[in-house]
Amino acid sequence: MNKTLYLVSNINVVSMEEKLTLLQLQEMIQEGVSEIFPQSLQLVSEVSSVKENASGHCYLELVEWQEGGRGPAAKARAMIWSSAYRIIKPLFKSATGRDIEVGMHLLMRVQPQYSPLYGLSLIISDIDPLFTVGEMELARQRTIERLQKEGLMEMNALLPLPLLPSRIAIVSSPTAAGYADFMNHLQENQLGVNFLTELFVAPMQGDEAPDGIIAALERIAQREEEFDLVVLIRGGGAVTDLISFDNYDLAVNIANFPLPVITGVGHETDYHICDMVAHTGLKTPTAVADFLLDAFAREREALESMATRIANLLMLKIKEQNRNLDMIKERLRFAVRGRVERELGRLGLMEAALKSAIPEEVLSKGFAMLYSNGSRVRSLAGIEEGQRIEIAMSDGVLRLRATEVEFIPLKKS
């Protein structure tokens, strides 16, 4: 087996048996890269890292993934010098509405360079923003316009949201980090609220995701009366991983769904068509959990406030009633005192009247009482001659016998 290998360049031919220094090898690679790529070329790649430094340069890391997402197949460092970045950055944002971000696919004009000290790097001189917008964004905009024309953008938002939603149908993947975050946040709440949740499994990325999510929604719709609302949740990911949530058919199903749909898909900066047509579109799965908990927190605050108001009203009412009772007691005291005084006055009069009717009292005033046969004589007309009569006066009784009776009537004045 021939173990001799030759590296050919315009400068020299090197045998594998020849001993080279590291610098010599790197300089040969540098010269080879310069000869192979004498001019810039177009390159399509995904951005895995982006950073601007104080001098105005922009440094990126580009990546290409293996099929099936098993890991990176290739990586390279790239940079945009400040002189070019001052032009590229505003043009790119003007066309796409966004800065250059991780997960974007870019069509770039690059010049490969090799440095013995820094290795391979790609110098970017231009970026085509229309490629980034591409068919994906154009299709997204067409979908939004279509949904607006069909009047579907606000349809689900018109459904009344339950005051205390506790029966939750969840559409997600059981292995998704976003699902785990949502459940932990919901179950470990400090309010002591017990939520009844049921997971309806669906793929959260890939071509099969829209149909899978729609199928999950259909299963929920068959049991509509068992749930208060639906949450559609997924953690963050690359832009291409989340394209499923811009699907027209999925958006139509969410818009027409008979229950309120709450979405929490992606990162803080992500916003998808499914968020637009949902009853409430939130940034993350954790934000959805907070949204549900906030409903109970608000209700608890309202009840506590109402209880405080009722207690205050009761205290005011009790004070008012106490004041009324004091007034009533005062009036009763005056009324009873007046009544007692009046009754005492009447008793005094009655006592005087009764006292004046006592025979001894009458006799002491100079009057006399006439008795016959032990009975008081009340009329002189009944006295006959020979009848024994007793005249009682204050100092004794005079006993007489009537010998001559003459009745002289009393003249009335």
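- Between the S172 side chain and the I233 main chain, a donor and an acceptor come within less than 3.5 Å of each other.
- For F195, the ring pair (Phe, Tyr, Trp, His ring centres under 6.0 Å) partners at least two apart in sequence or on another chain are F296.
- For R223 and E198, the salt-bridge test passes: some basic side-chain N is under 4.0 Å from an acidic carboxylate O.
- Between R146 and E150, at least one side-chain nitrogen of the basic residue sits less than 4.0 Å from a carboxylate oxygen of the acidic one, meeting the salt-bridge criterion.
- Rounding to the nearest 0.5 Å places CD1 of I123 at 8.5 Å from CZ of R77.
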Let me check something: any side-chain donor-acceptor pairs from residues 319-328 under 3.5 Å, sequence neighbours excluded? List them with distances.
| unit_1 | atom_1 | unit_2 | atom_2 | d |
| --- | --- | --- | --- | --- |
| N322 | ND2 | I318 | O | 3.3 |
| N324 | ND2 | E320 | O | 3.4 |

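- Residues satisfying the side chain to side chain contact (heavy atoms under 4.5 Å, CB included) test with Q222, not counting sequence neighbours, are none.
- One finds a salt bridge joining R339 and E343 here, because a Lys/Arg side-chain nitrogen approaches an Asp/Glu carboxylate oxygen to under 4.0 Å.
- In terms of modelled atom types and a separation under 3.5 Å, the side chain of N156 and the main chain of V277 share no donor-acceptor contact.
- Atoms NE2 and CG, on H272 and L232 in that order, are 10.5 Å from each other to the nearest 0.5 Å.
- Pairs of residues two or more places apart, or lying in two chains, never qualify as ring-ring contact (aromatic ring centres under 6.0 Å, His included) while including a residue from residues 139-184.
- Take Q39 and apply the side chain to side chain contact (heavy atoms under 4.5 Å, CB included) test, not counting sequence neighbours, and it matches no residue.
- For residues 109-124, the set of pairs meeting the side chain to side chain donor-acceptor pair (under 3.5 Å) definition, not counting sequence neighbours, comprises Q26-Y114, S40-R109.
- Listed by first and then second residue, the salt bridge (charged side-chain N to carboxylate O under 4.0 Å, His left out) pairs that reach into residues 160-183 are R167-D228, sequence neighbours excluded.
- Residue pairs meeting the ring-ring contact (aromatic ring centres under 6.0 Å, His included) criterion with at least one member in residues 23-59, sequence neighbours excluded: H57-W81.
- Here H279 contributes atom NE2 and L229 contributes atom CG; the two are 9.0 Å apart, rounded to the nearest 0.5 Å.
- S94 places no side-chain N or O within 3.5 Å of a backbone atom of P90 that could act as its donor or acceptor partner.
- Remark: the backbone N or O of L107 is not paired with any side-chain donor or acceptor of D128 at under 3.5 angstrom.
- Of the possible donor and acceptor atoms, none in the side chain of D249 sits under 3.5 Å from a partner among the backbone N and O of V252.
- Side chains of T175 and S173: a donor on one and an acceptor on the other come within 3.5 Å.
- V63 pairs with exactly one of S49, S45, P72 by the side-chain contact (heavy atoms from CB on, under 4.5 Å) rule, that one being P72.
- Side chain of N256 to backbone of N253: no donor-acceptor contact under 3.5 angstrom is found.
- The backbone N or O of V265 sits nowhere less than 3.5 Å from a side-chain atom of D275 that would complete a donor-acceptor pair.
- Annotation: ring-ring contact (aromatic ring centres under 6.0 Å, His included) contacts involving residues 211-233, sequence neighbours excluded, comprise F200-F227.
- Scored by the salt bridge (charged side-chain N to carboxylate O under 4.0 Å, His left out) test, R309 finds no partners at all (sequence neighbours excluded).
- Dense packing is recorded around CG of N312, with more than 12 heavy atoms of other residues, nucleotides or ligands lying under 6.0 Å away.
- The side chain to side chain contact (heavy atoms under 4.5 Å, CB included) check on I36 picks up nothing, with sequence neighbours excluded.
- Taking the side chain to side chain contact (heavy atoms under 4.5 Å, CB included) definition, one finds that P174 meets it with L199, V201, sequence neighbours left out.
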